[in-house]
Student: 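Here it is, the structure, as structure tokens.
FYI, side chains are in, hydrogens and waters are out, and symmetry mates aren't considered; it's all heavy atoms of this structure. Residue numbers count from 1 along this sequence.
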Amino acid sequence: MTAQPAWLPGITQQLLLDACLLDDDRGRSAFAKWRALVDVDRLDSGSFRLLPLLYRRMSALGIEDPSRGLFKGTYRRTWYSNKLAIPEAARIIAGLSSSGVPAIALKGIALTLEHYRDAGVRSMGDVDIAVPRPLARRAVEILVRLGWTAETTPLTGARITGSPGVARWTVGPRPTRDFDDDYFDTRHAHGFASAGGLQVDLHWFLLQGNSEPGIDDSAWENARPLAVAGVGALSLAPADHLLLLLAHGARWNPIPPVRWVADAVTLIRAEPELSWQQLVDGAKRRGLVLVVRNLLLYLEERFSVGVPDWVIRELAEFPVTAHEQRSYRVSVSAPGLAAGIEEVRYLRRRYAARHRVASGGESRRSFPAYVRHVLGAASLPHVGGYACTEIMRRIWG
């Protein structure tokens, strides 16, 4: 039996999404069914993130419920948190801009300002900001100068399990000197934290696994102006932003990624001029045809968002490589041995690409040293320890 992909909502998650996104009568009906099935004190974390949006919908529909106070509380906390985060994002963007580094606001912050248009309905675990790949080093230095601290290099197993044992295999917060071309051309982003506990995810590539030179050029060319707390920034064109939401939402996450549905539906409904051809072209170029086709089919069947028939047909007829099929299966499933093998393959490909462009035709690091550097491990034995831990975790869960 094939496991359900991570992006597909479960039964109660689907009812919650229906309550938030369907028309009035069906929304009320879905809410009643959802409340009959769930204990709101035991919600999964993915559903909990939708409660602020549910509260706004309940208010619009005049729905009363004993748990309305809880839902209102999540809305107020989200509003307060976002009202703190957005000015901090503006400060970062202003600092980048003053040093000649343009910035694109991604995901939560852009959705809140452009599409939800309500600071209380869409929580942000962190603020996502993208800079051009050639200016990534400068952007890191600016963040550090502004008082932000680089977080520990994210190791997949530690990130998934939340294990405090990450310190066993890493050198702690990534030193500024270790942000170099080997790291930038392999990773797509890195997290930074403020003294007050706010977090920003600095992207130099828009999507995980899409690290080829020039892959994001068209997204930068199509970006449009966005004011963030009065500071001039950029946001992605609707088609590029939707592609990002679908790619991010399709990936397995310890927090069920069901919020991608609300984000995508809200964006599509708010952008009647969205370029579907641009979305299709981006999916083909980035090896995301299966992701985009499958998630769009679901959105259209469930929410009738207006995906043109030709979009699904063109994506269905496009030849998909064995590599893309394998990558899709791995990304939508809970991590196991296949994911570990795919991760090693990815590192080999990126190392080979770095090898080709290094001066004199030789990489500055051997492959083991490169892996140690990218993972942020303290030494090669630490890489071995991490690998053994990962193998056991993936075999025995």
Side-chain angles (χ1 to χ4, degrees), residues 133 136-137 140 150-161 163 165-166 168-171 174-175 177-191 201-216 247-248 250-253 286-288 291 321-359 361-395:
R133 163 61 187 91
R137 171 74 186 187
V140 169
E151 296 180 334
T152 299
T153 303
L155 297 178
T156 301
R159 185 171 67 250
I160 290 168
T161 62
S163 170
V166 63
R168 297 170 59 197
W169 314 124
T170 72
V171 294
R174 191 172 188 88
R177 66 177 180 275
D178 284 350
F179 286 93
D180 59 10
D181 285 343
D182 277 350
Y183 190 70
F184 287 133
D185 286 343
T186 303
R187 297 287 189 179
H188 76 293
H190 195 95
D201 210 13
L202 181 71
H203 294 243
W204 46 88
F205 290 112
L206 294 177
L207 294 174
Q208 182 176 342
N210 272 193
S211 303
E212 296 77 21
I215 190 70
D216 293 331
H248 185 71
R251 302 186 73 88
W252 185 91
N253 193 293
R286 294 178 180 272
L288 292 170
V291 167
T321 66
H323 168 68
E324 182 177 344
Q325 293 176 21
R326 185 173 63 247
S327 296
Y328 174 78
R329 289 194 301 269
V330 167
S331 67
V332 304
S333 305
L337 282 176
I341 293 170
E342 196 62 25
E343 189 172 348
V344 172
R345 284 173 170 163
Y346 173 75
L347 290 172
R348 286 296 310 183
R349 290 196 301 271
R350 296 315 304 154
Y351 178 75
R354 291 291 305 141
H355 182 93
R356 287 193 296 271
V357 302
S359 60
E362 295 182 0
S363 174
R364 294 171 297 165
R365 296 182 173 97
S366 66
F367 181 66
Y370 162 83
V371 172
R372 181 208 64 76
H373 175 71
V374 169
L375 294 181
S379 66
L380 289 178
H382 283 76
V383 174
Y386 170 64
C388 289
T389 300
E390 276 293 274
I391 289 171
M392 289 187 291
R393 182 185 66 78
R394 292 169 190 272
I395 291 176

Student: Who pairs with Arg326 by salt bridge (charged side-chain N to carboxylate O under 4.0 Å, His left out), at least two apart in sequence or on another chain?
Tutor: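 Partners of Arg326 under the salt bridge (charged side-chain N to carboxylate O under 4.0 Å, His left out) test: Glu342.
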
Student: Under the side-chain hydrogen bond (donor to acceptor under 3.5 Å, both in side chains) test, which residues partner Thr186, sequence neighbours left out?
Tutor: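 side-chain hydrogen bond (donor to acceptor under 3.5 Å, both in side chains) check on Thr186 returns Tyr370.
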
Student: For Asp180, which residues count as a side-chain hydrogen bond (donor to acceptor under 3.5 Å, both in side chains) partner, sequence neighbours excluded?
Tutor: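 For Asp180, the residues satisfying side-chain hydrogen bond (donor to acceptor under 3.5 Å, both in side chains) (neighbours in sequence not counted) are Arg365, His373.
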
Student: Just verifying a value: how many Å separate Trp204 CH2 and Asp185 CG, rounded to the nearest 0.5 Å?
Tutor: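 The distance works out to 10.0 Å.
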
Student: Report the distance from atom CG of Leu207 to atom CD1 of Ile215, rounding to the nearest 0.5 Å.
Tutor: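 Rounded to the nearest 0.5 Å, the CG-CD1 separation comes out at 8.5 Å.
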
Student: Test of understanding: with salt bridge (charged side-chain N to carboxylate O under 4.0 Å, His left out), list the residues that count as partners of Arg286, not counting sequence neighbours.
Tutor: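 Only Asp216 meet the salt bridge (charged side-chain N to carboxylate O under 4.0 Å, His left out) criterion with Arg286.
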
Student: Should the pair His203 and His188 be assigned to parallel (<30°), tilted (30 to 60°) or perpendicular (>60°) ring geometry?
Tutor: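 Perpendicular: the ring planes of His203 and His188 meet at over 60°.
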
Student: On a heavy-atom basis, which atom in Leu288 and which in Ala247 lie closest, and how many Å separate them?
Tutor: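 Heavy atoms only, the tightest pair is CD1-CB, 3.9 Å.
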
Student: Excluding sequence neighbours, so at least two apart, what forms ring-ring contact (aromatic ring centres under 6.0 Å, His included) with His248?
Tutor: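 With sequence neighbours excluded, His248 shows a ring-ring contact (aromatic ring centres under 6.0 Å, His included) to no residue whatsoever.
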
Student: Considering only heavy atoms from C-beta outward, does the side chain of Asp181 approach that of Arg133 to under 4.5 Å?
Tutor: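 Result yes, sub-4.5 Å side-chain heavy-atom pair found.
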
Student: Who are the side chain to side chain contact (heavy atoms under 4.5 Å, CB included) partners of Pro368, not counting sequence neighbours?
Tutor: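 Result, side chain to side chain contact (heavy atoms under 4.5 Å, CB included) vs Pro368: Ser366, Leu380.
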
Student: Looking at side-chain heavy atoms only, is the closest gap between Val140 and Tyr183 below 4.5 Å?
Tutor: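 Side-chain contact under 4.5 Å: no.
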
Student: Calculate, to the nearest 0.5 Å, the distance between atoms CZ and CZ belonging to Arg187 and Arg174 respectively.
Tutor: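 Arg187 atom CZ to Arg174 atom CZ measures 8.0 Å (nearest 0.5 Å).
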
Student: For Ser331, which residues count as a side-chain hydrogen bond (donor to acceptor under 3.5 Å, both in side chains) partner, sequence neighbours excluded?
Tutor: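 Ser331: no side-chain hydrogen bond (donor to acceptor under 3.5 Å, both in side chains) contacts found.
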
Student: Among all residues two or more places apart in sequence or in another chain, which pass the salt bridge (charged side-chain N to carboxylate O under 4.0 Å, His left out) test with Arg137?
Tutor: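 Salt bridge (charged side-chain N to carboxylate O under 4.0 Å, His left out) list for Arg137, sorted by chain: Glu141.
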
Student: Taking only residues two or more places apart in sequence or in another chain, which ones pass side chain to side chain contact (heavy atoms under 4.5 Å, CB included) with Ser211?
Tutor: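 Phe205, Tyr346, Arg350.
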
Student: Indicate yes or no for a side-chain donor-acceptor contact from His190 to the backbone of Leu202 under 3.5 Å, with no hydrogens or angles considered.
Tutor: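 No, because the side chain of His190 does not come within donor-acceptor range (under 3.5 Å) of the backbone of Leu202.
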
Student: Quick one: list whatever passes side chain to side chain contact (heavy atoms under 4.5 Å, CB included) with Glu324, sequence neighbours left out.
Tutor: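 Once residues adjacent in sequence are excluded, the partners of Glu324 under the side chain to side chain contact (heavy atoms under 4.5 Å, CB included) criterion are Val289, Leu290, Val320, Thr321.
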
